[in-house]
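These figures come from a predicted structure and were not determined experimentally. One-based numbering along the sequence shown.
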Amino acid sequence: QVQLSESGGGLVQAGGSLRLSCSASGRTFSGGAMGWFRRAPGQESEFVGVIAWSEGNTFYSDSVKGRFTISRDNAKNTVFLQINSLKPEDTAVYHCAAASRLIGLPRVPALYDYWGQGTQVTVSS
């Protein structure tokens, strides 16, 4: 009974920035975690980062640490992914996902029970 919807993707030049949003509707929860994943053409889904919904703790993939920042607005049921210094290799469909019954910060897609449809990020060189 939870729906996730991403927005904010687009076509940008290398070195630019984007801010992706993930809005949740339907039933809300006080705990759990919200994660970001990305899938490049011909690639498997890659973990990007995760935030604990209540506490705000975050964990990032080594490949994006220092450039990507996850935040959330609890009142608006929205999670953000700020992407700076974009590189062509960041090109992918970015998905948000919710792990509603977990206490930790999961990094595996199978541990998430709700997924958004994704938003396309394309970085030109």
Side-chain angles (χ1 to χ4, degrees):
Q1 296 290 79
V2 176
Q3 296 82 44
L4 305 177
S5 181
E6 304 95 334
S7 62
L11 173 63
V12 297
Q13 292 182 333
S17 299
L18 280 175
R19 191 191 193 196
L20 309 184
S21 298
C22 173
S23 297
S25 61
R27 186 174 301 172
T28 59
F29 43 86
S30 59
M34 296 289 293
W36 285 95
F37 295 81
R38 65 185 182 183
R39 184 186 294 273
Q43 304 292 324
E44 297 294 322
S45 181
E46 178 189 16
F47 170 77
V48 173
V50 60
I51 185 169
W53 184 251
S54 179
E55 299 88 346
N57 310 96
T58 56
F59 183 85
Y60 301 94
S61 167
D62 289 339
S63 64
V64 305
K65 192 176 300 181
R67 296 190 300 119
F68 288 30
T69 303
I70 300 176
S71 60
R72 87 267 193 244
D73 186 336
N74 299 66
K76 293 182 171 61
N77 296 118
T78 301
V79 177
F80 305 97
L81 179 64
Q82 178 70 40
I83 312 176
N84 297 326
S85 302
L86 278 160
K87 305 174 181 180
E89 51 262 45
D90 294 321
T91 296
V93 176
Y94 284 71
H95 297 265
C96 65
S100 60
R101 299 187 294 178
L102 298 178
I103 298 176
L105 298 174
R107 311 161 208 177
V108 180
L111 297 178
Y112 289 80
D113 45 8
Y114 301 100
W115 291 81
Q117 82 289 343
T119 183
Q120 176 71 52
V121 172
T122 304
V123 184
S124 63
S125 59

Working to the nearest 0.5 Å, report the span between [atom1] of [X] and [atom2] of [Y].
X	Y	atom1	atom2	answer
Leu86	Leu18	CG	CG	5.5 Å
Leu11	Thr91	CG	OG1	8.5 Å
Asn77	Arg72	CG	CZ	11.5 Å
Arg107	Tyr112	CZ	OH	9.5 Å
Phe47	Leu105	CZ	CG	7.5 Å

- Query: Are Lys87 and Asp90 within salt-bridge range, i.e. N to O under 4.0 Å?
  - Reply: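 Judged by the 4.0 Å cut-off on N to carboxylate O distance, Lys87 and Asp90 do not form a salt bridge.
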Test your reading of the model: is there a side-chain donor-acceptor pair from [X] to the backbone of [Y], 3.5 Å cut-off?
X	Y	answer
Gln117	Ser5	no
Asn74	Trp53	yes
Gln13	Ser124	no

- Would you kindly confirm whether Val93 and Leu81 end up in one hydrophobic cluster when ILVMFWY residues are joined by side chain heavy atoms under 4.5 Å apart? no
- Query: Are Phe80 and Val64 connected, step by step, through hydrophobic side chains (Ile, Leu, Val, Met, Phe, Trp, Tyr) whose heavy atoms are closer than 4.5 Å?
  - Reply: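 Phe80 does not cluster with Val64.
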- Query: Can you name the residues that form a ring-ring contact (aromatic ring centres under 6.0 Å, His included) with Tyr94, not counting sequence neighbours?
  - Reply: none
- Item | Residue list, ring-ring contact (aromatic ring centres under 6.0 Å, His included) with Phe68, at least two apart or on another chain |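 Phe68: no ring-ring contact (aromatic ring centres under 6.0 Å, His included) contacts found.
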Which heavy-atom pair separates [X] from [Y] by the least distance, and what is that distance?
X	Y	answer
Leu20	Gly9	CD2-N, 3.6 Å
Ser61	Glu46	OG-OE2, 4.5 Å
Asn84	Ser17	OD1-OG, 3.1 Å
Ala14	Ser125	CB-CA, 4.5 Å
Pro109	Ser45	CG-OG, 4.3 Å
Val50	Ala33	CG2-CB, 3.7 Å

Do the side chains of [Y] and [X] get nearer than 4.5 Å, heavy atoms only?
X	Y	result
Val123	Glu89	no
Thr69	Tyr60	yes
Thr119	Ser7	no

- Query: Would one find more than 12 heavy atoms of other residues, nucleotides or ligands at under 6.0 Å from atom CZ of Arg67?
  - Reply: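 Yes, enclosed.
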- Query: Any idea how Phe37 and Trp115 line up, ring-wise: parallel (<30°), tilted (30 to 60°), or perpendicular (>60°)?
  - Reply: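 It falls in the tilted class, 30° to 60°.
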- Leu4 meets the side-chain contact (heavy atoms from CB on, under 4.5 Å) criterion, sequence neighbours left out, with Val2, Cys22, Ala24, Met34, Cys96, Ala98, Tyr114
